[in-house]
Amino acid sequence: MATLIGNKPNQIPTNADLGQIAFRDDNPQGGIVGTTEAQTLTNKTITGVKETKVAMGANDIDLSAGNYFTYTLSGAQTLTVSNVASSGSVSAFVLEVTNGGSAALTFFSGVTWAAATPPTLTAAGVDTLAFFTTDGGTTWRGFVLGLGMA
């Protein structure tokens, strides 16, 4: 059985409380799982995970903000990626680009594509791409999920 512990006993926590609560596993082999510090969970099932859709206002894909990004190209631009996990861990994200073929769009350093050929993006429409790295961002694998999506 798991028990909610925190600074408001006998009350239902609010969103503001989430950084201050933890769940204790009453099994003697269990431990405390917090909500703010980094931890490694082993043999746990996580369901219902949701990520934030981030509308990019600038050219940086900030992985601390989410892992699904939308971007509308207006003029030639160069994309960058920040807050990438260290080597040995995986960073991955989806990028939905509107009007990506309307001007020169340069991807961040280290992107490799199938057959070493970047996709031709749609000049007036939406293209969906995915990227992942396992070496801290030195090499990114780029994939086309869809071109000219409605």
Side-chain angles (χ1 to χ4, degrees), residues 2 4-6 12-25 29-150:
L4 176 66
I5 59 175
I12 297 173
T14 65
N15 285 342
D17 299 322
L18 291 180
Q20 303 170 23
I21 64 171
F23 290 93
R24 182 182 73 235
D25 184 347
Q29 274 78 40
I32 295 178
V33 177
T35 59
T36 57
E37 67 278 351
Q39 295 181 338
T40 300
L41 302 177
T42 304
N43 296 325
K44 306 293 183 193
T45 300
I46 300 174
T47 59
V49 176
K50 298 176 182 167
E51 281 289 341
T52 302
K53 179 178 174 183
V54 179
M56 295 170 54
N59 300 335
D60 184 54
I61 299 164
D62 181 356
L63 297 180
S64 70
N67 72 353
Y68 190 97
F69 297 87
T70 61
Y71 182 72
T72 300
L73 182 64
S74 110
Q77 301 293 330
T78 299
L79 297 177
T80 59
V81 182
S82 61
N83 294 304
V84 178
S86 60
S87 186
S89 294
V90 176
S91 286
F93 64 92
V94 173
L95 177 62
E96 182 180 288
V97 181
T98 301
N99 304 336
S102 65
L105 179 60
T106 303
F107 290 95
F108 37 92
S109 177
V111 177
T112 60
W113 300 96
T117 306
T120 300
L121 301 180
T122 307
V126 177
D127 303 311
T128 306
L129 310 170
F131 301 88
F132 77 89
T133 183
T134 60
D135 60 8
T138 301
T139 304
W140 288 91
R141 305 291 185 212
F143 299 89
V144 174
L145 300 180
L147 294 175
M149 308 292 290

Quick one: closest heavy-atom pair of [X] and [Y], and the distance?
X	Y	answer
Gly75	Ala103	C-CB, 3.5 Å
Ser82	Asp60	OG-OD2, 2.6 Å
Ile61	Phe108	CD1-CE2, 4.0 Å

- Message: Less than 4.5 Å apart, side chain to side chain, heavy atoms only: is that true for Leu129 and Val144?
- Response: yes
- Message: Could you check whether any side-chain heavy atom of Val49 comes within less than 4.5 Å of a side-chain heavy atom of Thr47, counting everything from C-beta outward?
- Response: no
- Do the ring planes of Trp113 and Phe107 sit parallel (below 30°), tilted (30 to 60°) or perpendicular (above 60°)? perpendicular
- Message: Set out, in order, the CA-CA distance, both residues' side-chain angles and the distance that settles side-chain contact (heavy atoms from CB on, under 4.5 Å) for Phe93 and Phe69, then state yes or no.
- Response: CA-CA 8 Å; Phe93 64 92; Phe69 297 87; 4.0 Å; yes
- Query: What pairs of residues pass the side-chain hydrogen bond (donor to acceptor under 3.5 Å, both in side chains) test when at least one of them lies in residues 96-107, not counting sequence neighbours?
  - Reply: Tyr68-Glu96
Among residues at least two apart in sequence or on other chains, which ones pass side chain to side chain contact (heavy atoms under 4.5 Å, CB included) with [X]?
X	result
Thr112	Thr139, Arg141
Ser64	Asp62, Asn83
Ser91	Leu63, Val84, Ala85, Thr133, Trp140
Thr134	Val90, Phe132

Look up atom [atom1] in [X] and atom [atom2] in [Y], then write down how far apart they are to the nearest 0.5 Å.
X	Y	atom1	atom2	result
Asp127	Leu147	CG	CG	5.0 Å
Gln77	Asn59	CD	CG	4.5 Å
Leu95	Thr70	CG	OG1	8.5 Å
Leu73	Met56	CG	CE	10.5 Å

- Message: The criterion is ring-ring contact (aromatic ring centres under 6.0 Å, His included); which residues satisfy it with Tyr71, sequence neighbours excluded?
- Response: none
- Candidate pair Ser87 and Asp135, rule side-chain hydrogen bond (donor to acceptor under 3.5 Å, both in side chains), full reasoning: CA-CA 4 Å; Ser87 186; Asp135 60 8; over 6 Å; no
- Message: Run Val97 and Leu105 through side-chain contact (heavy atoms from CB on, under 4.5 Å) and show every step you take.
- Response: CA-CA 10 Å; Val97 181; Leu105 179 60; 4.1 Å; yes
